[in-house]
Amino acid sequence: MEDFKKIEEKWQDFWKKNPSMYHAEDNSDIDFEIPNNLKFILVDAHKCLIDFDKWKLNDKLYEYLNNLSVPKIVVTNTSKIDEVKKLLTGDKWEVFSLKDNPNKYDSKYFELLKEKYAFKVDEVAYIDHDDKNLESAKKIGIEKLFKYEFKNKKYILVEFPYPSGTGLHIGHAFSFTGGDVYARFKRMQGFNVMFPMGWDAFGLPTENYAIKMKRKPQEVTKENTDMFRSQMKKLAFSFDWKREVNTTDPTYYKWTQWIFIQLFNKGLAYKKEMPINWCPSCKIGLANEEVVDGKCERCGAEVSRRNISQWVVKITDYADKLIDGLEETNFIEKVKQAQINWIGKSEGAKVKFLISNDKFLNKKEYLEVFTTRPDTLFGATFMVIAPEHPIVSDLIRNPPVDKSTSSLEKGGNISPLHQGEMSKGQRGFEIEDYVKSARGKSELERTELSKNKTGVFSGLYAINPVNNKEIPIWISDFVLASYGTGAIMSVPAHDERDFEFAKKFGLEIIPVIQPKEKHDFEKEAYTDVDNGEIINSPPINGMVPAEAFEKMIKWLEEKKIGEATASYHLRDWIFSRQHYWGEPIPMVDCPKCGWVPEKEENLPIVLPEVEAYEPTDDGLSPLSRIESFTKCQCPKCGGDAKRETDTMPNWAGSDWYFLRYMDPHNDAVIASQELMKYWGPVDVYIGGDEHNVLHLLYSRFIYKFLWDLGVVPKDQVEPYYKRISHGVILGPDNQRMSKSKGNVIVPEDVSEKYGVDVVRMYLMFMGPFDSTMAWNENTLMGVKRFLDRFEKYINLNTGNDIASSKETKVIINKLIKGVTDDLESFKYNTAIAKMMEALNKISNDECLISNEDMKTLIKLLAPFAPYITEELYSLFDKQSIHIADWPVADEKYLVDDEIKIMISINGKVRGELIVASTEQDNKDMLIQKAKELEKIKTWIGDKKIVKEIYIPGRMINFVILLEQ
RNA sequence: GCCGCUGUGGUGAAAUUGGUAUACACGCAAGACUUAAAAUCUUGUGCUCUCAAAAAGCGUGUGGGUUCGACCCCCGCCAGCGGCACCA
């Protein structure tokens, strides 16, 4: 049977000719003019002036009417008049509500209105979305009638793909089908659906491929996106191609660059020497994503670090906002948690320790640390600073002379305190050696060797402010320069790492928390914050740690030695990439003015088309070799200057793409306020788990930044209302699909073999949308069988239009409700199961079915199987099924005439009772009936019934005393 | 180590959120059609006991608890998956 191919071709052709089917219409313009000399303007509330689902005004119509001096009367049936009034400002508005009959489609309504406000029919205009209402207004003689409908929007977004050379993979097909089903469902429900698609096309694979094939990345991208687009069309994704965006399009990245300039202007982008991952074999800087297990993703060489001056974006300024904003979203807990963890806020204190070596310093100098445990300050017996700490370079140049010996030679055996003289030079070399070796270590080594602590004594001492004890300052690479202040106070008794370090180098361990149970402080640190009592800390002894924490912070703040503060796991965002295929960073380095942003009117800074894209040996971007690009004038002083040659990371273009879909062709602004107000926020954002942290966080950050600038609407604090993360499709062998394993399923191949509808539907039927599942062709055949049977059933029953039996009505209406509810909550697998069940029932029982009910069946299937349903629907209707109305269940068929009540004894089901549903509240009668059942009688026998429980409409439970 | 998730038939999985556990589908078995196979259709299918049926008992990783009643709620353990990880 190759029928499906013909059907697919036929309807693909049809959809191609009717692209507007899937176009999202912007909130419709007001194309009428209402005279300003009337007595009143009557305006309908529902679906016209007010969106009652969200309790929001239709700004467009509201503004238009506000500009007219005529008094306005809002006519509505709602009982919440006060809430409607709250939405309307100014004295030109009144609300008229009749919550009981007559309704607006009865002209009596307008008679009453006319009476109340004493107007003549030619003194008013009436605006409504509904023809019936307009007609009844006309009946009483109103002539100035205007139709205006406010359609509720649904912005359904799927993550746009990176158009790789291998084409659409099964993960894309899965994700996009999930979005497409929802989009089609909502479109049929009458929503103004925006379901856009675009390309996140900058990136290394294309660059590498272009280098290898000696071609232009621009051309390669064009080919790949063309291929992706045609594959998507085959799979019948109902994207609005009118809104297609491409991150590599200069008219698009103009705005990516514009955002960067705003970041710079607000002081959120700065240049900094930062270590980057350097592959010594490829001679290239690598992004973190390209480093796998400390090795270069491509060549496998061990990655080292190199300092390069980079653009860094201060995302950390938004850390708290990014945590707090999550409250406004409807993300699943898992995603919220992941983001919170990534930001990693910890509350604690900054504390200043005075450095006591007056030989080293001739002025007072403090070492500041961050600690989450100020309650353990009395147990701080030494300090440790990172090798990259700014003080270290001073130490190498001018090492302090003191009484201790070398710590490297003697290892952990000797306390460094007061151990005799050491020459100035020796100490300097020792520190220098250690710092060098730490810096030379790869990230991998530095973390892998974590159990084995290394370090060197700095020769410095500090004064612990709580007890004025002199404690040594060490240098060790287990302290990270990038977290907190790059220096810590060490409390070896209560921190594992400090403990290991103290053990290795023979440093003092003073317990300051007494555990409730026996604890050997020579063996391990005691780290439980919640249990124990403070000791050895005179002013706070006897307190619990939490109380001591508060006390110490107060004390520190009073004495001005420290203050409460928070530290974040989140780091500032390294924004420079030394690659060709990315957005050029629109900055200019002027010898006179320093870093100056390009003038906004000169944007975009277009990526020059060049012959060679290979990275340079020195780790600079390939663009640095193109003199015509680098040479420029300073936008500020006009003098000769040099253009930045780094490009932006992949995230830059994907951070804000959802905004561009709302207004893709605007070249004056990123997107117009008006359109963002209408379309935003994204109602549902579907994407992979792998983007739940970084992409979502970066994107939310940029959005919040734009919000602060006033670029995006004020009342939309978060960009995405809901996030759905889909699962992963594994190969038939239950392994992640990969070329090397040979278990890759290509959507194009399988849909060629079984048909697009079968593949789409199977993907949705496999299991819950968010779970990980293995591809299984057997189960796919089950779906195919269903679709064949479905098709056969409809074809067999068309012809004479007969009335449906009651049984059919009940099945169909329950199905409508079930499928609608399931689609609403993305339970695609059970929605399909319900359709299978319904078809089995009506076809096995040979239920009588009307054409109308068959149409309903086809409609329910339409979001999943767009081709077959379009074909079957054409037997009944000329209109495309995909813009037909979604069926609504008739309540009267949803309640059963008869209900089954389970009878249980001591919680075990022993029988059942079938009664008319009208009797379900008659508890006494039902219990009596249950007792009379033969089976129940024998079970109860002469035992005593202790309790009788009735769950209305469900079950009866008798609790009886069992004999011993 | 930390955070999150998951555990139900031979398999993918359902269960109105505390009220008939295993819907739907796959697989398997038997049968029909066929010279035969594929396809299709029909019937059966959690386990134990039984030739079979009835009846009964046992069953949602595991041990407890709460409840008339627990896959669902609470406490403890076990196993697996994903992410992060020297973050002071």
Side-chain angles (χ1 to χ4, degrees), chain A residues 1 332-338 340-342 344-346 348 369-373 376 380 383-384 386 446-453 476-480 482-491 494-498 500-501 527 567-571 689-690 692-693 727-728 734 762 765-768 770-783 785-786 788-789 792 817-818 821 827 829-840 844 900-912 935 938 945-960:
Chain A
M1 271 230 296
I332 47 170
E333 207 43 44
K334 167 177 141 182
V335 177
K336 286 188 185 179
Q337 264 316 318
I340 289 170
N341 289 344
W342 186 263
K345 183 177 185 174
S346 32
V369 300
F370 171 74
T371 177
T372 54
R373 302 292 306 275
T376 62
M383 302 179 84
V384 188
R446 235 168 124 158
T447 50
E448 277 249 312
L449 299 171
S450 65
K451 274 137 223 153
N452 195 6
K453 298 269 180 297
S476 173
D477 63 5
F478 84 86
V479 173
L480 306 174
S482 48
Y483 185 77
T485 61
I488 61 164
M489 64 173 212
S490 277
V491 186
H494 303 290
D495 181 282
E496 275 173 40
R497 296 149 303 171
D498 295 351
E500 277 168 35
F501 196 83
T527 55
S567 205
Y568 301 88
H569 177 168
L570 181 73
R571 304 291 153 80
D689 270 337
E690 71 274 21
N692 281 344
V693 178
V728 180
N734 228 328
Y762 166 61
F765 182 61
M766 290 173 87
D770 58 2
S771 73
T772 302
M773 298 153 298
W775 182 265
N776 180 344
E777 220 120 308
N778 279 327
T779 310
L780 178 143
M781 289 310 294
V783 174
R785 256 171 241 154
F786 165 72
D788 287 346
R789 237 178 301 168
K792 209 184 277 172
K817 180 156 194 329
D821 290 351
K827 287 164 148 182
N829 54 334
T830 52
I832 294 171
K834 277 170 189 152
M835 286 190 275
M836 289 173 165
E837 206 177 352
L839 180 72
N840 289 347
N844 289 347
K900 192 154 76 167
I901 292 170
M902 305 313 293
I903 319 294
S904 65
I905 289 168
N906 290 353
K908 292 249 177 219
V909 176
R910 298 299 180 191
E912 61 184 51
K935 235 179 131 183
T938 48
I945 297 174
V946 188
K947 216 169 176 183
E948 291 164 351
I949 295 155
Y950 175 58
I951 310 296
R954 284 191 186 276
M955 68 164 13
I956 291 170
N957 190 19
F958 294 114
V959 184
I960 61 170

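So that the names make sense, note that chain A is the first sequence line, chain B the second, and so on, each numbered from 1.
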Nearest-Å distance, CD1 (A:I488) to C1' (B:C86)?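 After rounding, the gap between these two atoms is 9 Å.
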Inset, instruction - Could you check how far CZ of A:F478 sits from C1' of B:A88, rounded to whole Å? - result: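 Spelled out: CZ on A:F478 to C1' on B:A88 is 8 Å.
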Show each protein N/O and nucleotides 7-13 of chain B N/O combination with a separation under 3.5 Å, one pair to a line.
from, atom 1, to, atom 2, distance (Å)
B:G12, O2', A:M766, O, 2.7

With A:K453 as the cation and A:F478 as the aromatic partner, state whether NZ or CZ is under 6.0 Å from the six-membered ring centre and within 45° of the axis.
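Yes, A:K453 lies over the aromatic ring of A:F478.
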Counting the atoms with a prime plus P, OP1 and OP2 as sugar-phosphate, which does [X] contact under 4.0 Å by heavy atoms, base, sugar-phosphate, or nothing?
X      : value
A:R571 : base
A:S346 : sugar-phosphate
A:V479 : base
A:D498 : nothing

(Q) Would you measure the distance from the P atom in B:U42 across to the matching atom in B:C78 and give it in whole Å? (A)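 Looking at atom P only, B:U42 and B:C78 are 49 Å apart.
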Between the side-chain atoms of A:N957 and the base atoms of B:C68, is any donor-acceptor pair under 3.5 Å?
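Looking at the base of B:C68, it does pair with a donor or acceptor on the side chain of A:N957 (distance under 3.5 Å).
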**Study point:** Check: B:C24 base within 3.5 Å donor-acceptor of A:K834 side chain
**Key:**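 Checked by distance alone, the answer is no.
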Pairing string of RNA chain B (Watson-Crick or G-U wobble, both atom distances under 3.5 Å; | = paired to other strand) is (((((((..(((......[....)))((((((.......))))))(((.......)))..(((((..]....))))))))))))....
_SB check A:D821 A:K817 (cutoff 4.0 Å)_ =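 A salt bridge is present here (some side-chain N lies under 4.0 Å from a carboxylate O).
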